[in-house]
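Since the structure comes first, as structure tokens, the remarks are kept for the end.
Computed from heavy atoms alone, side chains included, the values below leave out hydrogens, waters and symmetry copies. Quick caveat, the model's predicted, so the values are computed rather than measured.
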Amino acid sequence: MSEQLDTQALLAIAEQVVRRASAMALAGQQRDLQVQTKANRNDLVTRVDKDIEEFVAAELTSRTGYPVLGEEGHGVDSFAGRVWVVDPIDGTMNYVETRRDYAVSLALVSDGQPLIGVVADVVAGRLYSAVRGHGATCHQDERDWTRSDAGGPPTEPGRSTEELAQVPSDKGFRDSIIITDLKEIRAMPRLVAALVESRGHRRYGSAALECLEVASGRAGAFVHLWVSPWDIAAAMVICDEAGVTVTRLDGTPLDVRHKGSILAGAPRAHAELLARLVSDPTQ
């Protein structure tokens, strides 16, 4: 069955599943979250994270036959062929504490290369999606996520849909907001100097949404020392389609199959930050 599905059919399935997962996330905040810790006291997981991943994995396995890799327990033997990569709630701390700025993130990776990406900014009501080579879109005002019926025809888009424009290629980091975190600031003195010269820095607590701030042109760059495949696989497709340059912090290609650093930025901002952080701190 999976071989018969083209990318547009797979995109429709991914969008339907993410919409339903978003409805689950919103509904879940009305009940006991059963918060637990994982690696440390600020690395949280809730019952809702687990429930969403179970739902997404079951739906995708049933409807496409492709294996699923997820943050909360679903694993794969390899990235050969097509693999779904899901973060059921990217930004669980936000989900628990601020109740905004969290995402449902779903990517289809083909032989290690992200092919389809769908990310829901759940509380803001935005659904971002992209197929490699076909541009990226943002469905806005998706306030009623429950409209999706994963067992029926493709869900109608939100009240407005727009193509994501290409990010400005000539805007440097000095004229941009840079998204980064305290640990990066502590670890990289050269980054501190760049931030002083920039328009300032922000932190949202969801790597997927932080990448999309760059893809949407609201920020010039995103700098992070450690991300996992489920954090960025979907957002990477959207970034690529919007003209964002995405690499590791040392400028080497980012292989989404492996954990590591990320530098995502508009072309000039990326080039300037890469030079500043790695090769020439005077630039």
Side-chain angles (χ1 to χ4, degrees), residues 14 17-56 69-74 85-107 117-129 138 140 142-143 145 177-185 201-216 218-219 221-239 246 256 259 261-262 264:
V17 169
V18 168
R19 283 188 172 105
R20 288 188 63 185
S22 298
M24 291 175 65
L26 284 176
Q29 289 188 317
Q30 308 306 314
R31 58 188 178 91
D32 181 10
L33 295 180
Q34 300 180 37
V35 180
Q36 297 176 313
T37 58
K38 296 190 289 185
N40 58 66
R41 65 184 295 270
N42 288 330
D43 184 12
L44 306 182
V45 62
T46 72
R47 180 71 261 170
V48 182
D49 292 79
K50 297 175 183 179
D51 288 348
I52 290 175
E53 184 167 315
E54 288 295 334
F55 160 73
V56 170
L69 172 67
E71 180 177 12
E72 309 306 341
H74 287 80
V85 180
V86 60
D87 194 337
I89 298 179
D90 182 40
T92 301
M93 180 64 76
N94 290 346
Y95 184 73
V96 172
E97 296 294 340
T98 68
R99 301 198 165 213
R100 59 179 174 82
D101 294 330
Y102 61 87
V104 177
S105 177
L106 177 62
V118 179
V119 178
D121 185 345
V122 178
V123 175
R126 299 190 187 102
L127 183 75
Y128 298 87
S129 61
C138 177
Q140 300 193 62
E142 292 266 358
R143 303 296 177 179
W145 295 103
I177 294 290
I178 298 174
I179 300 175
T180 194
D181 197 9
L182 181 60
K183 63 181 177 298
E184 283 74 26
I185 294 172
H201 75 281
R202 301 290 185 270
R203 177 74 167 114
Y204 300 98
S206 162
L209 295 184
E210 288 165 330
C211 286
L212 295 185
E213 287 294 294
V214 180
S216 299
R218 294 185 289 265
F222 171 50
V223 181
H224 205 288
L225 287 169
W226 192 254
V227 291
S228 298
W230 44 79
D231 295 322
I232 59 166
M236 191 171 173
V237 186
I238 299 165
C239 281
V246 183
V256 77
K259 298 180 180 181
S261 65
I262 184 172

Next item on the list: Measure the spacing between CD of Glu71 and CD1 of Ile89 and express it to the nearest 0.5 Å.
Entry: 10.0 Å
Note to self: Run the side chain to side chain donor-acceptor pair (under 3.5 Å) test against Lys259 and tell me which residues pass, sequence neighbours left out.
What the structure shows: none
Notebook entry, point to check: Hey, what do you get for CG (Asn42) to CE (Met93), rounding to the nearest 0.5 Å?
Noted result: 4.0 Å
Next item on the list: Would you please test Ile262 and Cys211 for side chain to side chain contact (heavy atoms under 4.5 Å, CB included) and show each step?
Entry: CA-CA 10 Å; Ile262 184 172; Cys211 286; 4.0 Å; yes
Notebook entry, point to check: Counting N and O atoms only, with roles assigned by atom type, does the side chain of Asp43 sit under 3.5 Å from a partner on the main chain of Asn40, one being a donor and the other an acceptor?
Noted result: no
Next item on the list: Determine whether the side chains of Asp49 and Thr92 contain a donor N or O and an acceptor N or O closer than 3.5 Å.
Entry: yes
Checklist line | Atom pair CD1 (Ile232) and CD1 (Ile238), whose distance is rounded to the nearest 0.5 Å | finding: 12.5 Å
Item checked: Contact summary for Ala234 and Ala107, nearest pair of heavy atoms -> N-CB, 3.4 Å
Next item on the list: Quick one: closest heavy-atom pair of Asp90 and Ala207, and the distance?
Entry: OD2-N, 3.2 Å
Next item on the list: Show your working on side chain to side chain contact (heavy atoms under 4.5 Å, CB included) between Val123 and Arg99 and close with a plain yes or no.
Entry: CA-CA 8 Å; Val123 175; Arg99 301 198 165 213; 6.0 Å; no
Next item on the list: Let me know which of Val119, Asp121, Leu209 forms a side chain to side chain contact (heavy atoms under 4.5 Å, CB included) with Arg126.
Entry: Asp121
Note to self: I'd like to know if the side chain of Glu184 reaches the main chain of Leu225, judged simply by a donor and an acceptor atom lying under 3.5 Å from each other, with no hydrogens or angles considered.
What the structure shows: yes
Notebook entry, point to check: Nearest heavy-atom pair of Tyr95 and Leu33: which atoms, and what distance?
Noted result: CE2-CD2, 3.7 Å
Checklist line | side chain to side chain donor-acceptor pair (under 3.5 Å) partners for Gln36, two or more places apart | finding: Lys50
Item checked: Heavy-atom closest pair, residues Ala14 and Val118 -> CB-CG2, 3.8 Å
Margin query: With a 3.5 Å distance limit and no angle check, can you tell me whether Glu53 reaches the backbone of Val86 through a side-chain donor-acceptor pair?
Written below: no
Checklist line | Any residue meeting side-chain contact (heavy atoms from CB on, under 4.5 Å) with Ala219, in chain and number order, not counting sequence neighbours | finding: Ile177, Ile179, Glu213, Val214
Next item on the list: Decide side chain to side chain contact (heavy atoms under 4.5 Å, CB included) for Val104 and Met24; before the verdict, give the C-alpha distance in whole Å, the side-chain angles of both, and the deciding distance to 0.1 Å.
Entry: CA-CA 10 Å; Val104 177; Met24 291 175 65; over 6 Å; no
Notebook entry, point to check: How would you list, by chain and number, every residue that makes a salt bridge (charged side-chain N to carboxylate O under 4.0 Å, His left out) with Arg31, sequence neighbours excluded?
Noted result: Asp51
Checklist line | Val17 vs Phe55, side chain to side chain contact (heavy atoms under 4.5 Å, CB included): CA-CA, chis, key distance, verdict | finding: CA-CA 9 Å; Val17 169; Phe55 160 73; 4.1 Å; yes
Note to self: Any side-chain to backbone donor/acceptor pair from Glu210 onto Arg203? Under 3.5 Å, distance only.
What the structure shows: no
Notebook entry, point to check: What closest approach, in Å, do Ser206 and Ala103 show between heavy atoms, and which atom pair accounts for it?
Noted result: OG-CB, 4.0 Å
Item checked: Separation between CG of Asn94 and OH of Tyr102, rounded to the nearest 0.5 Å -> 10.0 Å
Next item on the list: Could you tell me which residues satisfy side-chain contact (heavy atoms from CB on, under 4.5 Å) with Ala221, sequence neighbours excluded, listed by chain and number?
Entry: Leu273
Notebook entry, point to check: To the nearest 0.5 Å, how far apart are CG in Leu127 and CD in Gln140?
Noted result: 11.0 Å
Next item on the list: Could you tell me which residues satisfy salt bridge (charged side-chain N to carboxylate O under 4.0 Å, His left out) with Asp101, sequence neighbours excluded, listed by chain and number?
Entry: none
Next item on the list: Please report the closest heavy-atom contact between Ser105 and Trp230, naming both atoms and the distance.
Entry: OG-O, 3.8 Å
Check: Donor-acceptor pair, Thr46 side chain versus Val48 backbone, under 3.5 Å?
Finding: yes
Margin query: Quick check for you: to the nearest 0.5 Å, what is the distance between Tyr128 atom OH and Ser216 atom OG?
Written below: 4.0 Å
